[in-house]
Amino acid sequence: MSTENNGGNGAADTRPPGPSFELRLVFLRDLSFESPHVPGVLFGHEQPELKFSVESSHRLRDKDLFEVSLDVTVHATAAEKSLFIIEVKQGGLFEVRGYPTEETVALLRTRAPEALYPYARELVSSLVSRGGFPRLQLRPINFEAQYAEAQRASGASA
């Protein structure tokens with residue numbers, strides 16, 4: 001005789017036993033593109049200076065379901081004029097089950113942003129092109145290395 005855990009809805013639970021980390025939904029929370037000096041800045045300017053920042057945060061939405069936000073900002077300037085400012089808030093819902101709290105936090109600060117970054121990266125590239133500027137491809141980011149460095153820094157300051 002076999003038994004199935006179907007949660008009372010007639011459908012068998014097909015999730016493998018043990019810990020799991022799954023991206024359930026990708027969404028765009030906020031987007032801003034500003035280019036205050038177009039079209040004048042599209043031609044004849046020096047090589048632009050790019051300021052780039054990426055931050056991530058997470059919060060528990062429901063049992064085992066976390067909302068992760070990846071905030072990407074790109075600001076290009078040339079000759080003290082702003083060429084463009086892009087702000088992207090890329091979001092995702094992740095189901096994390098069966099991990100200890102410390103490992104869950106590590107996953108939410110490394111693998112979750114790693115999964116969301118390509119979406120934000122492609123969006124930035126598209127916006128820059130649509131704004132009339134030459135193609136911009138953001139560099140890859142090693143979120144695990146950043147997390148490890150943050151852990152070392154917080155351990156050193158404690």
Side-chain angles (χ1 to χ4, degrees), residues 1-35 48-77 83-131 133-158:
M1 179 175 176
S2 70
T3 61
E4 274 186 26
N5 178 9
N6 62 19
N9 64 6
D13 187 355
T14 59
R15 293 183 290 197
S20 70
F21 176 83
E22 293 183 51
L23 174 59
R24 293 295 185 164
L25 178 68
V26 175
F27 56 91
L28 182 61
R29 177 173 298 289
D30 194 11
L31 173 65
S32 173
F33 177 87
E34 297 177 36
S35 187
E49 177 186 338
L50 287 177
K51 294 179 184 170
F52 172 72
S53 69
V54 176
E55 295 181 17
S56 70
S57 60
H58 64 273
R59 67 183 178 135
L60 183 64
R61 295 292 295 179
D62 195 14
K63 181 183 184 272
D64 300 331
L65 193 62
F66 293 85
E67 179 183 336
V68 177
S69 180
L70 184 69
D71 302 346
V72 177
T73 303
V74 181
H75 186 188
T77 58
L83 301 179
F84 61 81
I85 302 168
I86 298 173
E87 295 174 335
V88 175
K89 293 184 185 299
Q90 188 71 57
L93 290 178
F94 293 83
E95 183 178 9
V96 185
R97 290 186 304 112
Y99 288 97
T101 302
E102 188 173 298
E103 285 184 58
T104 296
V105 170
L107 288 169
L108 293 170
R109 294 198 50 212
T110 59
R111 287 190 48 207
E114 183 179 89
L116 296 175
Y117 185 62
Y119 295 95
R121 189 176 181 203
E122 188 281 327
L123 187 53
V124 167
S125 179
S126 177
L127 287 169
V128 169
S129 294
R130 290 171 186 252
F133 296 95
R135 182 175 164 85
L136 173 66
Q137 187 68 37
L138 298 179
R139 62 180 164 72
I141 296 175
N142 185 335
F143 290 98
E144 285 189 34
Q146 285 184 345
Y147 179 70
E149 179 60 33
Q151 291 298 97
R152 278 192 296 276
S154 68
S157 65

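Just so you know, residue 1 is the first one in the sequence shown, and it goes up from there.
- Tyr99 pairs by the ring pair (Phe, Tyr, Trp, His ring centres under 6.0 Å) definition with nothing, not counting sequence neighbours.
- In this structure, Ser129 has no side chain to side chain donor-acceptor pair (under 3.5 Å) partners at least two apart in sequence or on a different chain.
- Applying the side chain to side chain contact (heavy atoms under 4.5 Å, CB included) test to Leu28 and every residue at least two apart in sequence or in another chain returns Leu31, Val88, Gln90, Leu123.
- Residues satisfying the side chain to side chain contact (heavy atoms under 4.5 Å, CB included) test with Asp30, not counting sequence neighbours, are Lys89.
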Worked verdict on Leu138 versus Val72 for side-chain contact (heavy atoms from CB on, under 4.5 Å): CA-CA 10 Å; Leu138 298 179; Val72 177; 4.1 Å; yes
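- In this structure, Ser56 contributes its side chain and Ser69 its backbone to no donor-acceptor pair below 3.5 Å.
- Other residues, nucleotides and ligands place no more than 12 heavy atoms under 6.0 Å from the OH atom of Tyr119.
- Atom CD of Gln137 has more than 12 heavy atoms from other residues, nucleotides or ligands within 6.0 Å.
- Side-chain contact check for Asp71 and Thr73: no donor-acceptor pair (N or O, by modelled atom type) lies under 3.5 Å.
- The backbone N or O of Leu136 sits less than 3.5 Å from a side-chain atom of Ser125, completing a donor-acceptor pair.
- With sequence neighbours excluded, the residues forming a salt bridge (charged side-chain N to carboxylate O under 4.0 Å, His left out) with Glu149 are Arg152, listed by chain and number.
- Aromatic ring pairs are classed by plane angle as parallel below 30°, tilted from 30° to 60° and perpendicular above 60°; the pair Phe21 and Phe94 is parallel.
- When every heavy atom of Leu60 is checked against every heavy atom of Leu65, the shortest pair comes out as CD1-O, 3.6 Å.
- Note: His58 and Phe66 have perpendicular aromatic rings, judged against thresholds of 30 and 60 degrees for the angle between ring planes.
- Glu67 is linked by a salt bridge (charged side-chain N to carboxylate O under 4.0 Å, His left out) to Arg29, Arg59, Arg61, counting only residues two or more places apart in sequence or in another chain.
- Side-chain contact check for Arg109 versus Val105: some heavy-atom pair is nearer than 4.5 Å.
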